[in-house]
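To start, the structure under review is shown below, and the notes come after it.
Keep in mind that the numbers below use all heavy atoms, side chains included, and drop hydrogens, waters and symmetry copies.
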Amino acid sequence: MDIKGKVVIVTGASSGIGFILSKMLTQNGAKVALVARTGDILEKLSKELKDSFPISCDMSKENEVINMVKMVKDHYGRIDILINNAGRGYYSPIEKVDTKILHELFDLNLVGPIVAMREVIHIMKDQGEGRIINISSGTALMYIPNMSIYSSLKRALGAISFTANEELKEYNIKVSVVYPTLTDTNFGKNAARDPEIQFRTTGTMIPDTPEYISEKIIESIKTNDTEIFAHREMEENRK
Ligand SMILES: NC(=O)c1ccc[n+]([C@@H]2O[C@H](COP(=O)([O-])OP(=O)(O)OC[C@H]3O[C@@H](n4cnc5c(N)ncnc54)[C@H](OP(=O)(O)O)[C@@H]3O)[C@@H](O)[C@H]2O)c1
């Protein structure tokens with residue numbers, strides 16, 4: 001899909017990948033609805049980005065997600081692309097999982113994106129076209145100790161996306177999954193964690209920049225690819 005002039009919802013636009021992605025989409029001529037909880041950052045960003053629309057929304061709250069989609073439709077008159085990017089990590093061994101955090105993550109990393117999809121689909125069907133990009137994680141395809149909850153929710157998001165893609169083919173609505181790996185954002189700082197797990201294990205992996213991940217997300221919109229592995233080192237090794 002060509003991005004120029006398109007209305008795009010970016011969740012998690014106040015930091016990291018979503019923040020940079022919103023800027024890059026605007027540079028590509030998109031009109032971006034900037035969604036996150038931290039309204040003052042979104043207001044400031046919106047002043048920089050032509051035709052953008054800041055919306056404070058907690059993506060783990062169904063009523064707020066429904067209202068957010070309605071606000072975007074009322075403001076721009078259409079919604080072409082949804083990018084479900086807001087998310088949070090959780091580092092804990094299974095034997096110490098805190099079910100309160102588990103439920104919070106379930107609502108944010110899985111239910112929120114599903115509700116947002118549900119709410120935009122009928123709008124996209126009426127328009128005869130649409131794109132949904134769900135940001136998963138490379139960890140969804142791995143078995144990394146202490147990351148079971150986060151990884152499995154991201155894996156579930158992928159499975160839902162592929163099924164939705166099949167369901168929506170006849171309506172010209174494409175659903176894709178992007179898998180970033182370690183990326184230099186506030187993700188590690190913002191993640192919930194068991195107190196005994198202080199540091200994120202990165203091994204020898206070189207973090208990608210949010211600019212690189214955003215380029216891959218934009219590429220996926222343009223190419224209509226279903227699965228995009230956003231990992232520079234892996235890409236360079238393949239050459
Ligand atoms: N960084 C990595 O290494 C990495 C690797 C693989 C996948 N990912 C995925 O990439 C996505 C973006 O993460 P990031 O690395 O950019 O992390 P980040 O810098 O921590 O940004 C997370 C974003 O999500 C938003 N968010 C968190 N809770 C929210 C809520 N309840 N409602 C609405 N927005 C909420 C935050 O905004 P507010 O706090 O203002 O609400 C922020 O804008 C996530 O889905 C993450 O799982 C990241």
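Side chains of Asn109 and Ser60 form no contact here, defined as non-hydrogen atoms less than 4.5 Å apart. The closest side-chain heavy-atom distance from Phe229 to Leu141 is below 4.5 Å.
In terms of modelled atom types and a separation under 3.5 Å, the side chain of Asn84 and the main chain of Pro113 share a donor-acceptor contact. With hydrogens and angles disregarded, a donor-acceptor distance shorter than 3.5 Å links the side chain of Asn28 to the backbone of Met24. Ser151 places no side-chain N or O within 3.5 Å of a backbone atom of Ser148 that could act as its donor or acceptor partner. The main-chain N or O of Thr185 is never found under 3.5 Å from a side-chain atom of Thr183 such that the two would form a donor-acceptor pair. In this structure, the side chain of Ser22 engages the main chain of Gly18 through a donor-acceptor pair within 3.5 Å.
Aromatic ring centres of Tyr90 and Phe106: separated by at least 6.0 Å.
With no hydrogens or angles considered, no side-chain donor-acceptor pair links Arg193 and Asn146 at under 3.5 Å.
By the 4.0 Å N-to-carboxylate-O rule, Glu129 lies too far from Lys174 to be salt-bridged with it. Under a 4.0 Å N-O distance rule, the pair Lys6/Asp2 does not qualify as a salt bridge. A salt bridge between Lys70 and Glu119 is absent, with no side-chain N of the basic residue lying under 4.0 Å from a carboxylate O of the acidic one.
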